[in-house]
Chemist: 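Please see the structure below; I have some questions.
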Amino acid sequence: MADTITIEVFRYRPEDGAEPVYDTFDVPLRQEWRVLDALNHVKDEVDGSLTFRWSCRMGVCGSCGMMVNGVPKLTCSAFLRDFAPGPIRIDPLDGFPVERDLVTVLDDFMGKLSAVTPWMVHKDERSVEQGEYRQSPAELAQFKQYSMCINCTLCYAACPVYTHEDDFLGPAVLALAQRYNLDSRDDGNEQRYPLIWSDSGIWDCTFVGECSVVCPKHVDPSAAIQQAKVQSAQSFFASFLPFGKR
Ligand code: FES
């Protein structure tokens, strides 16, 4: 294996008013280094102005997502050696405006996330004396995989609908809504349905499925959306019955 590998890094400095360019750096190709280590090497040793997000370095915080050779990846989990002999092209995540260099603007995602009420809603709050909300392992299994999402937005970068439909809520938001709708302790379904069943919700999804392919936590947003489509269709037809209800 060579001693170094070349990375081509997207650079955008809005204060310059210039078009984005790619800067090229040769970085050590160490067996244990990830793409994030290469970026940190550049920032520490070569160009301190390089701007990108990261925090945990262990695939938990979800902040280090970027396009690596055109594929959405957590850069703290993508080994340099897997891209040898290079070069490796590193871009900001597709589908989002760029703030600077590899940092994207997440306002749209954050707004849509909070819009689906991604928290537990209870019609009747239990008192401390009444104890916790209990749930069986089978009930937990209904939604558990959807709760593993770390909001890294890789699924948005992979989704062709999100890129072209400004209103689309997108994979992670819809999966999180489904996570709560499937939770036996939650009573917020009726509150979430109008938005997630709207034209900007599940029915915008064309079932490409790339969201599920790129998810680093093996969440399956595509399955969540198709489940919600079935529920929505059942509700629609049930509404024609004399005593139809969701
Ligand atoms: S730095 Fe936290 S997921 Fe990569």
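Whatever order the structure lists them in is the order used to number ligands and atoms, beginning at 1.
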Chemist: What heavy-atom pair brings Pro72 and Ala157 nearest, and what distance separates the two atoms?
Modeler: CG-CB, 3.9 Å
Chemist: Applying ring pair (Phe, Tyr, Trp, His ring centres under 6.0 Å), name anything that partners Tyr162, two or more places apart in sequence or on another chain.
Modeler: Phe96, Tyr156
Chemist: If you compare all heavy atoms of Val121 against all heavy atoms of Gln191, which two are closest, and at what distance to 0.1 Å?
Modeler: CG1-OE1, 3.9 Å
Chemist: Just how far is it from atom CD of Gln142 to atom CZ of Arg179, taken to the nearest 0.5 Å?
Modeler: 12.5 Å
Chemist: Does the plane of the ring in Trp197 sit parallel, tilted or perpendicular to the ring in Tyr193? Use 30° and 60° as the thresholds.
Modeler: parallel
Chemist: Less than 4.5 Å apart, any side-chain heavy atom of Pro216 and any of Leu154?
Modeler: yes
Chemist: Below 2.8 Å of atom 4 (Fe) of ligand 1, tally up the protein N/O/S atoms for me.
Modeler: 2
